[in-house]
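Take a look at the structure below.
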Amino acid sequence: MNDKDKKTTSDNEVLDGSDQFAVRQAKLNGLCDSGNDPFAANWEQSHVSKEAIELLGEDEETGSDVSVAGRIVAFRLMGKAAFLKLLDRQGKIQAYVRRDEIGDDEYAAFKKLDLGDFIGVRGPLFRTKTGEVTVRAKEYRLVSKSLRPLPEKWHGLSDNDQIYRQRYLDLVVNEESRERFKSRSRIIREIREFMWERDFIEVETPMLQSVSGGAAARPFRTHFNALDCDFNLRIALELHLKRMLVGGFDRVFEVGRVFRNEGLSRRHNPEFTMLEAYQAYSDYRGMMELTRSLIQQVAERALGSLQVERPEGEVIDLSGNWREAKYKDLIIDAVGIDDWFELPKAEKLKKTKAMGIEVDPELEDFEVTNDVFEKVIEHTLVQPTFVTHIPKELCPLAKITQSDPSTIDVFELCINGQEIAPAYSEQNNPAVQRESFLKQVGEETQELDEDFLLALEHGMPPAGGMGMGIDRLVIFLTKAANIRDTILFPTLRPL
RNA sequence: GGGUCGGUAGCUCAAUCGGUAGAGCAGUGGCCUUUUAAGCCAUUGGUUCCGGGUUCGAGUCCCGGCCGGCCUACCA
């Protein structure tokens with residue numbers, strides 16, 4: 001195509017090193033010409049890095065033969081010998097290669113390896129002067145050539161755009177990121193373990209839905225050619241999991257992706273992972289115990305600690321029982337007015353303005369109050385807090401509190417200044433459910449899910465239900481600053 | 001969507017008031033058989049995100065666009 005690319009076709013041409021792709025391509029071509037296609041190679045691994053390192057006892061200087069493999073992430077050549085670091089799924093292991101041990105020809109080829117290449121190394125373990133367990137190579141093999149240079153070894157990759165668009169590079173060079181995604185996987189595994197231990201069954205429900213309900217969010221729309229009809233991507237798991245309760249699966253959960261057609265922010269990605277769990281014959285109090293135990297067990301098993309230090313230094317303490325606070329009490333405390341809930345909307349607006357909060361005057365009365373919660377209170381709830389007795393207008397899928405008909409049987413768990421998990425005593429009266437759906441349909445661009453109401457009319461056991469934003473859980477458990485740091489491939493504008 | 005800050009070598013970053021675009025790492029050539037961001041010598045590499053404009057002269061100033069960070073808006 002251009003002059004630089006022409007270089008790659010000729011080994012005889014002198015490469016000045018200015019085009020690293022061309023240099024590497026030429027090395028690869030040279031190998032292929034001599035009958036060694038590295039992409040055709042494989043390698044028998046006897047140990048992964050961490051296992052191999054642990055083979056050598058504290059007081060041992062040398063050990064048995066191992067065979068390891070990985071990507072070269074450090075290469076220190078010192079004339080007739082070299083040290084290199086191989087990165088595999090468990091971490092890094094050092095290898096030591098000497099010309100007098102692998103032979104002159106092999107060593108000449110070895111010197112042409114590049115950072116980023118995958119190789120296998122076989123030989124005995126030994127301990128270096130500084131005590132690092134190292135594989136002394138009797139044999140090595142290039143098993144895959146890397147044609148492009150890795151990001152800088154010390155600073156890693158810091159350009160956000162590139163970190164998200166080329167996550168694989170971030171994972172190779174940034175250990176913090178690598179560890180965070182291992183933690184995420186472990187957290188989700190421990191969530192499943194916990195639910196199984198509690199006798200829940202994991203199910204999978206449709207992502208493509210003709211009516212998307214269970215939350216008030218705008219859906220993504222798509223088209224199904226075979227039936228020539230439009231579908232929505234799901235915005236919640238709720239309505240299908242409740243159908244499972246109707247069907248007699250009285251403890252069910254699902255961990256899955258939901259999609260909401262909303263903006264991006266530090267806390268929002270349009271596709272994110274939810275856990276929803278429904279337990280028949282329980283209620284929101286039961287879900288409170290379940291949710292607390294779940295997070296405690298997951299933190300204990302996945303991280304080994306119930307204390308999580310925030311980047312700012314404050315320690316989130318997950319141990320013991322957690323604080324409970326009534327929504328109304330938190331509001332009254334924040335605004336400093338005992339009869340806040342009796343004030344007309346105009347007075348509330350005056351007060352919020354005096355507090356320096358911008359509130360849209362078109363909002364409903366309860367929405368003004370909820371703005372106070374979201375803008376003033378939520379970010380202060382760093383230690384785990386169950387917010388209870390939430391106004392009924394905010395949750396159309398829950399039961400009314402017997403002792404206070406203005407509120408519903410629900411909690412909203414806040415940790416790290418964010419909503420993590422709401423839970424309800426689920427509404428199972430089909431008539432009441434229809435009524436609150438109809439109200440919602442009137443207010444928003446929601447459609448009525450008649451199929452779900454039909455299911456309810458067949459009878460759903462009383463149940464507690466809980467939904468948890470897994471990404472937000474991972475944010476605070478792994479000390480991430482941004483939801484995008486917890487999602488391998490976050491949604492980005494296509495280039 | 002709005003505000004704001006940014007985009008310079010493969011990567012991490014400099015570049016004074018508008019005056020020859022630099023460094024470290026990586027690469028290339030050489031020395032070096034226990035290194036730890038290995039070291040030493042030499043050296044290649046630039047559409048300064050893109051397109052216009054002002055100017056004798058633009059990485060720098062102006063306008064438009066693209067992409068992103070942060071804040072904000074939408075958000076059970």
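Side-chain atoms are counted along with the backbone in the values below, which use heavy atoms only and exclude waters and symmetry mates. Just so you know, these numbers come straight off a predicted model, no measurement behind them.
The separation between A:Asn160 atom CG and B:C67 atom C1' is 12 Å, rounded to whole Å. Summarising the geometry, the separation between CZ on A:Arg472 and C1' on B:C75 is reported as 9 Å, rounded to the nearest angstrom. As rounded to whole Å, 12 Å separates atom C1' of B:U28 from atom NZ of A:Lys112. For the pair A:Leu492 CG and B:C67 C1', the computed distance is 10 Å after rounding to whole Å.
For A:Glu132 against B:U35, a side-chain-to-base donor-acceptor contact under 3.5 Å is absent. Side-chain atoms of A:Asp19 stay outside donor-acceptor range of the base of B:U44, with no qualifying N/O pair under 3.5 Å. One donor-acceptor pair, N or O on each side, does fall under 3.5 Å between the base of B:C75 and the side chain of A:His268. On a pure distance criterion of 3.5 Å, no polar donor-acceptor pair joins the side chain of A:Glu152 and the base of B:A26. A donor-acceptor contact under 3.5 Å is formed by the side chain of A:Arg98 with the base of B:U33.
Taking atom P on both nucleotides, B:A15 is separated from B:A9 by 15 Å, rounded to a whole Å.
The backbone N or O of A:Ile483 lies less than 3.5 Å from no partner atom in the side chain of A:Arg266, so there is not a single donor-acceptor pair.
In terms of phosphate contacts, A:Lys153 brings a side-chain nitrogen or oxygen within less than 4.0 Å of OP1 or OP2 of B:A26. Of the side-chain N and O atoms in A:Gln162, one or more sit less than 4.0 angstrom from OP1 or OP2 of B:C11. Neither OP1 nor OP2 of B:U34 sits under 4.0 Å from any side-chain N or O of A:Lys129. For the pair A:Ser18 and B:G10, the criterion of a side-chain N or O lying under 4.0 Å from OP1 or OP2 is not met. Phosphate contact (OP1/OP2 of B:G1, side-chain N/O of A:Arg493, threshold under 4.0 Å): present.
Both A:Lys111 and A:Pro149 lie close to RNA chain B; mapped to their nearest nucleotides by heavy-atom distance, the more 5′-ward contact belongs to A:Pro149. Residues A:Gly79 and A:Leu84 each lie close to RNA chain B; by heavy-atom proximity, the contact nearer the 5' end of the strand is made by A:Gly79.
For A:Ser158, taking side-chain heavy atoms from C-beta onward, the closest of the listed nucleotides B:C74, B:U35, B:C13 is B:C13. Distances were taken from every side-chain heavy atom of A:Lys27 (C-beta onward) to each of B:U28, B:G1, B:A37; the shortest belongs to B:U28. The side chain of A:Met78 lies closest to B:U34 when the candidates are B:G68, B:U36, B:U34. Among the nucleotides B:U33, B:A37, B:A73, the one closest to the side chain of A:Lys375 is B:A73.
Stacking of A:Lys145 on the aromatic ring of A:Phe39 is not recorded, the 6.0 Å distance cut-off and the 45° axial limit not both being met. Under the 6.0 Å distance and 45° angle rule, A:Arg484 counts as a cation-pi partner of A:Tyr164.
None of A:Tyr327, A:Phe366, A:Trp340 except one satisfies the ring-ring contact (aromatic ring centres under 6.0 Å, His included) rule with A:Phe373; the exception is A:Tyr327.
Across all strands, A:Asn482 comes closer than 4.0 Å only to sugar-phosphate atoms, never to a base (heavy-atom distances). Counting any heavy atom pair closer than 4.0 Å across all strands shown, A:Arg266 reaches sugar-phosphate atoms only and no base atom.
Base-pair partner of B:C31: B:G39 (Watson-Crick or G-U wobble, both distances under 3.5 Å).
Inter-residue side-chain proximity for A:Leu125 and A:Arg136 is flagged as unmet; no heavy-atom pair is nearer than 4.5 Å. The closest side-chain heavy-atom distance from A:Met468 to A:Glu276 is not below 4.5 Å.
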